[in-house]
Amino acid sequence: MSDFSQRLIAWQAVHGRHNLPWQVSDPYRVWLSEIMLQQTQVATVIPYYQQFLERFPDVASLAAASSDDVLARWSGLGYYSRARNLHKAAQMVMERFEGQFPRTPALLAELPGVGPSTAAAIAAFSFGAQAAILDGNVKRVLARWAGISGYPGTKVVERELWQLATNLLPNTGIERYTQSLMDLGATICTPKKPACMACPVQADCIARQQGRQAELPTPKPKKVSPERQTVLMMVERGGKILLERRPPSGIWGGLWSLPEASSTLDASNACQQRFGLNVEFDSAGEDFVHVFTHFRLTITPLPGSVINQTALTHEDHLGWFSKAEALELGLPTPVRKLLMK
DNA sequence: AATTCGGGGCT
DNA sequence: AGCCCAGAATT
């Protein structure tokens, strides 16, 4: 049983990934990579990671940055609460932990954006702590190897997987073992068509013995994703466009976005009410669909020009930007696409 | 305990 | 057109 970890460690040494840019012992770099990699694939993260490190080479520089600067570097990666929490956590490391990352999973998990699995990964990679991770890769590997059925998002199944992950930990070599689980899930024990013949634990894998690789882990029960609709107003005045900073929570929290209207008919009224602007709108652009995890958003772009300004609006969450200036901001992807056209 | 957070890559 | 990804915070 304990030989599970030894087989994985031996396999990783030969067949694992060894050249990922965050495979270092600097806890700042490990932490940054783990946050970026939450629900995000390695290939997507790499360019963001490198640019982010150039701009914020250490935790002190990140803590001292403005939130606009941090969000701008995150723009396009998604799950923007990660960027807000990252910034807060950097400040917490500076103030509460005197610039040094804490060394235990429990303390690491007190940083915003660091949950149980991420805390364990940071502690294992940076400090060699005996801590179990449980990300999507590990859930799949363990559910198949141990033949655990049931959707891992439910509490019962998740508890069972955590228990198993903890029981399987090796006494030594935690860094390579942790990496081996991620590597196996990413390269061999893949969601579809796993390469079982190349797997170091194929001999005692329950899913393989029972031919249930395609059924495990049990998929999330699917629901129809609702449709939503919005109008994004592209209000121009003297070569600049009006952007609005979104509230800190909810969709696209904290990002700069085109102001929304509930309908094309309401746009003119909305500009008058909210911005004190008399705007003449052109005909609407072509609708396009932006897909989120849990709903589909149909966007109607609506260009318009300011006729006159009836009230002074010097609000902190509003701004006029040239196209070039706007593209430097933290923007949601569909807004970025609209501005680039 | 279930839902809410993005976006891209892959099949 | 779905599915999945080095999940956590919120409700």
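Values in this document were obtained by computation on a predicted structure and should not be read as measured data. In what follows, chains are A, B, ... by sequence order, proteins preceding strands, each numbered from 1.
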Exercise. Quick one: E227(A) CD to dA1(C) P, roughly how many Å, whole number?
Worked result: 11 Å

Exercise. K139(A) NZ to dA8(C) C1': how many Å, rounded?
Worked result: 11 Å

Seminar exercise, completed: Quick tally for nucleotides 4-11 of chain B: nucleotides whose base has a protein heavy atom under 4.0 Å get B, sugar-phosphate-only ones S, the rest -, giving SBBBBS--

Problem set entry | Protein-nucleotide distance (N137(A), atom CG; dC4(C), atom C1'), rounded to Å | 10 Å

Exercise. When all nucleic acid strands are considered with a 4.0 Å heavy-atom cut-off, which category describes Q179(A): base, sugar-phosphate, or nothing?
Worked result: base

Problem set entry | Rounded distance (Å) that lies between atom C1' of dA6(C) and atom CD of Q12(A) | 14 Å

Exercise. NA contact type, R17(A), heavy-atom cut-off 4.0 Å: base, sugar-phosphate, or nothing?
Worked result: base

Exercise. Which one, dA1(B), dA6(C), dA8(C), comes nearest to the side chain of K155(A)?
Worked result: dA1(B)

For this session: For residues R228(A) and H290(A), determine if any side-chain heavy atom of one lies less than 4.5 Å from a side-chain heavy atom of the other.
Result: no

For this session: Answer yes or no: is there an ion pair linking E260(A) with R246(A), defined by an N-O contact shorter than 4.0 Å?
Result: yes

Problem set entry | P-based separation of dG6(B) from dT10(C) [nearest Å] | 14 Å

Exercise. Can you tell me how far P in dT11(B) sits from the matching atom in dA6(C), rounded to whole Å?
Worked result: 14 Å

For this session: Nearest whole angstrom, please: distance from the P of dA9(C) to the CG of L86(A).
Result: 12 Å

Exercise. Which is true for W22(A) with a 4.0 Å heavy-atom rule: it touches a base, it touches only sugar-phosphate, or it touches nothing?
Worked result: base

Exercise. Between the side chains of R17(A) and T187(A), is a donor N or O closer than 3.5 angstrom to an acceptor N or O?
Worked result: no

Seminar exercise, completed: Across all chains, not counting sequence neighbours, the side-chain contact (heavy atoms from CB on, under 4.5 Å) partners of S149(A) are R212(A), L216(A), T218(A)

For this session: Whole angstrom is fine here: how far is it from CD1 in I35(A) over to P in dG7(C)?
Result: 11 Å

Exercise. Within the structure shown, what part of the strands sits under 4.0 Å from L20(A) by heavy-atom distance: base, sugar-phosphate, or nothing?
Worked result: base

For this session: Evaluate whether atom CG of N171(A) has more than 12 neighbouring non-hydrogen atoms of other residues, nucleotides or ligands under 6.0 angstrom away.
Result: no

Problem set entry | Separation of dA8(C) P from L108(A) CG (nearest whole Å) | 12 Å

Exercise. Mind checking whether F125(A) and V24(A) have side chains closer than 4.5 Å, heavy atoms only?
Worked result: no

Problem set entry | Under 4.0 angstrom between T118(A) side-chain N/O and dA6(C) OP1 or OP2 | no

For this session: Among dC4(C), dA8(C), dA1(B), find the nucleotide with the atom closest to the side chain of P191(A).
Result: dC4(C)

For this session: Please tell me which of P219(A) and L134(A) maps to the more 5' nucleotide of DNA chain C, matching each residue to the nucleotide holding its nearest heavy atom.
Result: P219(A)

For this session: Specify the separation, in whole Å, of atom CH2 of W162(A) and atom P of dG7(C).
Result: 11 Å

